[in-house]
Amino acid sequence: MEKNIAVIKGDGIGPEIIERAIDILKKIEKKYSHKFNLEYVDMGGCSIDKHGVPLTDENLEKCLKSDSVLLGSVGGYKWDNVETENRPERGLLKLRKELNLYANIRPTKILKSLEYASPLKVSECDFIIVRELTGGIYFGKHSFETAGNMRQASDIMVYREDEIKRIGKVAFDMAKKNKKNITSVDKANVLYTSKLWREIMNDFAKKDEYEEIEYNDMYVDNAAMQLIANPSQFGIIVTENMFGDILSDEASMLTGSIGMSPSASLSDGSLGMYEPIHGSAPDIAGKDIANPIGAILSLAMMFRYSFNLFEEAEDIENAVYKTIEENYRTADLMPKDKELANKYQKVGCAEMGDIIMSKI
Ligand code: NAD
């Protein structure tokens with residue numbers, strides 16, 4: 001198979017973790033006789049420094065023409081005082097909009113051997129959050145006004161039927177493929193957008209093609225509680241933009257470190273954008289201590305969701321799990337307890353990447 005991949009290393013720890021993912025991509029390319037043409041693209045703070053904007057039209061075009069995009073992370077202290085319209089994150093928003101990436105997929109898998117690192121000591125769960133990414137309150141009309149001496153602000157939340165239907169289809173198809181149950185999260189007891197959301201999700205659940213899927217509705221406040229109380233009940237959680245934003249960050253903490261979790265943002269076609277869920281971690285950048293696993297597992301998601309290369313994706317995932325089982329740990333995964341820490345071999349970002357690569 002031949003594919004063109006746009007690679008955005010970005011800022012902070014972005015370049016360090018993406019280099020590890022690229023090593024693994026090259027190993028897979030050789031082992032399975034594929035050809036991956038890589039096009040490196042500047043985005044974020046590094047693009048502001050070089051080109052004056054977070055994403056140039058030329059670089060956006062390179063991403064649009066690619067078969068998929070692999071991203072590290074953008075942002076950092078250096079650009080904190082840049083005006084809002086030109087901040088590094090603006091490049092990311094532009095890319096999501098132009099690629100029409102409306103479905104954000106975040107798997108949360110807890111490995112038994114990392115139970116000690118999970119703040120809740122959760123030992124097993126394996127679920128996926130499917131978050132609507134381009135509608136809802138973040139994209140509604142915002143206003144901030146002063147009437148007399150009273151300030152008033154509003155954010156309007158709008159969802160159209162077609163926006164809910166397309167994310168519902170992504171979630172139900174995924175549940176069917178992975179034999180997982182679905183929980184649709186809303187606030188239908190208060191919000192009209194949630195009433196519409198619930199009606200449409202219930203219509204999906206009644207369709208013949210999805211009859212084998214176990215389905216339930218859950219209010220968002222309960223979902224926030226259930227994620228802590230009993231996360232193993234979930235298979236797929238499908239939810240709107242803001243609820244998904246909050247719940248997926250909550251879920252990421254179950255795994256023990258933000259450095260472990262990958263994500264995919266998908267559109268209607270096969271083109272997707274794949275990135276670890278964490279930011280650019282400027283506090284640890286350039287020290288060779290970042291955890292590259294979120295980036296490496298994002299690459300595995302690219303193989304699975306954009307290229308249908310399932311064996312290659314599993315090969316990468318198994319190499320990661322084996323490395324963890326063999327007790328290799330980056331600093332973020334080291335136990336605080338000194339006696340327990342003796343059980344593990346502390347490694348840097350580059351060494352972690354090499355060990356994972358050696359298991360493919
Ligand atoms: P962050 O995720 O960068 O860091 C939060 C904490 O987690 C830090 O202590 C950091 O050291 C640690 N951490 C993050 N990734 C790690 C890894 N792979 N291995 C080990 N430790 C890791 O969040 P933040 O500090 O709020 O944001 C820093 C910058 O990143 C900001 O400029 C923010 O805007 C940007 N950001 C970018 C993205 C993105 O590119 N998609 C996402 C979130 C934040």
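Order of appearance sets the numbers: ligands from 1, and atoms from 1 within every ligand. Residues take their numbers from the sequence shown, with the count starting at 1.
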Show the atoms of ligand 1 that are less than 4.0 angstrom away from any heavy atom in [X].
| X | result |
| --- | --- |
| Gly75 | 32 (O) |
| Gly259 | 17 (C), 18 (N) |
| Gly76 | 32 (O) |
| Ala290 | 19 (N) |

Under-4.0 Å salt bridge between [X] and [Y]:
| X | Y | answer |
| --- | --- | --- |
| Lys31 | Asp315 | yes |
| Lys109 | Glu124 | no |
| Glu326 | Lys359 | yes |
| Asp155 | Lys141 | no |
| Lys78 | Asp11 | no |
| Lys195 | Asp186 | no |
| Lys179 | Glu212 | no |
| Asp57 | Lys62 | no |

Output yes when the distance from some N or O of ligand 1 to some N or O of [X] is under 3.5 Å, and no in every other case.
| X | answer |
| --- | --- |
| Glu89 | yes |
| Ile17 | no |
| Ser73 | no |
| Glu275 | yes |

Protein heavy atom under 4.0 angstrom of atom 26 (O) of ligand 1, is there one?
no
Nearest to [atom], what protein heavy atom do you find, and at what distance?
| atom | result |
| --- | --- |
| atom 6 (C) of ligand 1 | Ile258 CG2, 4.8 Å |
| atom 3 (O) of ligand 1 | Ala281 N, 2.8 Å |
| atom 28 (C) of ligand 1 | Pro282 CD, 3.6 Å |
| atom 38 (C) of ligand 1 | Gly279 CA, 3.6 Å |
| atom 30 (O) of ligand 1 | Ser280 N, 3.0 Å |
| atom 18 (N) of ligand 1 | Asn291 O, 3.0 Å |

Answer yes or no on whether Arg166 is positioned over the face of Tyr102, meaning its NZ or CZ is under 6.0 Å from the six-membered ring centre and within 45° of the axis.
yes
Counting heavy atoms only, which part of [X] comes closer than 4.0 Å to ligand 1: side chain, backbone, both or neither?
| X | answer |
| --- | --- |
| Val74 | both |
| Ile13 | side chain |
| Pro88 | neither |
| Leu92 | side chain |
| Asp283 | side chain |

Give the C-alpha distance, both sets of side-chain angles, the deciding distance and a yes or no for side-chain hydrogen bond (donor to acceptor under 3.5 Å, both in side chains) between His51 and Glu58.
CA-CA 11 Å; His51 312 290; Glu58 193 189 323; over 6 Å; no
Ring centroid separation Phe303 to Phe36 under 6.0 Å:
yes
Counting heavy atoms only, which of Ile284, Asp249, Ile8 is nearest atom 21 (N) of ligand 1?
Ile284
Whether Gly294 lies under 4.0 Å from ligand 1, heavy atom
no
Val53 backbone acceptor or donor facing Ser47 side chain under 3.5 Å
yes
Can you confirm whether the side chains of Tyr210 and Asp173 place a donor and an acceptor under 3.5 Å from each other?
yes
